[in-house]
Amino acid sequence: INAEYGGVLEPPNAWMWTIGPILAYSLERGMRICRGNEDTVLVMAVQHPGDVIELRMKKNTFNYQAGMYLFLNCPALSSQEWHPFTITSAPEQDFVSVHIRLV
């Protein structure tokens, strides 16, 4: 028994198991903040039947694949509130679109 560490057999090593996830989380949050500060140009908003609205945005450097989602924010309502939406346009199109059901 090692008296230097309060009677435990080995020195504390929890930092080895937490540093990796903390760094990965911090890196992801930093990237999201940097990418979230980019301005987005709304090209078209279309009202579809059934209380569905389609938002088409200009695609600058945004690369995506089928099945991916994006986060949208309306700063006029809340600058800290982001909502995930599935991308409904094809990657080959020159715009990014999402369909939102109004409630």
Side-chain angles (χ1 to χ4, degrees):
I1 296 178
N2 192 341
E4 183 181 348
Y5 295 109
V8 295
L9 296 177
E10 295 182 17
N13 62 3
W15 65 271
M16 293 186 334
W17 303 103
T18 57
I19 194 74
I22 289 172
L23 286 175
Y25 175 78
S26 300
L27 179 66
E28 189 272 334
R29 292 303 295 177
M31 287 175 32
R32 186 177 288 187
I33 288 170
C34 290
R35 293 182 72 190
N37 288 333
E38 294 178 9
D39 290 332
T40 303
V41 177
L42 182 64
V43 176
M44 184 185 334
V46 179
Q47 176 78 37
H48 293 290
D51 292 333
V52 175
I53 190 168
E54 175 187 1
L55 300 177
R56 289 188 181 184
M57 296 156 279
K58 185 177 178 183
K59 182 166 78 170
N60 293 330
T61 60
F62 184 60
N63 297 320
Y64 62 94
Q65 297 175 356
M68 292 179 75
Y69 62 95
L70 54 80
F71 286 94
L72 288 180
N73 168 267
C74 183
L77 299 177
S78 173
S79 63
Q80 299 299 316
E81 193 171 340
W82 293 81
H83 297 277
F85 293 97
T86 302
I87 299 171
T88 57
S89 57
E92 298 82 26
Q93 293 175 314
D94 60 343
F95 60 87
V96 178
S97 69
V98 294
H99 286 71
I100 303 170
R101 177 137 193 226
L102 304 176
V103 290

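Computed from a prediction, not measured in an experiment: that's the story for all the values here. Numbers here simply count residues along the sequence, with the first being 1.
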Short side-chain to backbone donor-acceptor contact, Y64 and A90, under 3.5 Å = yes
Answer yes or no: is there a donor N or O on one side and an acceptor on the other, between the side chain of S26 and the main chain of I22, under 3.5 Å?
-> yes
Shared ILVMFWY cluster between [X] and [Y], side chains joined below 4.5 angstrom?
X	Y	answer
M68	F62	yes
L70	L42	yes
L55	F95	no
Y69	V96	no

I need the [X] [atom1] to [Y] [atom2] distance, nearest 0.5 Å.
X	Y	atom1	atom2	result
I87	K59	CD1	NZ	9.0 Å
I100	D51	CD1	CG	13.0 Å
M57	T40	CE	OG1	7.0 Å
K58	M44	NZ	CE	14.0 Å

Taking [atom1] in [X] as the centre, count heavy atoms belonging to other residues, nucleotides or ligands within less than 6.0 Å. Is the count above 12?
X	atom1	answer
F71	CZ	yes
M31	CE	no
Q65	CD	no

If I compare all heavy atoms of [X] with all of [Y], which pair ends up nearest, and what's the gap?
X	Y	value
L72	V98	CD1-CG2, 3.8 Å
S97	S89	N-OG, 3.1 Å
N73	E81	ND2-O, 2.9 Å

What orientation do H83 and F85 show, parallel under 30°, tilted 30 to 60°, or perpendicular over 60°?
-> tilted
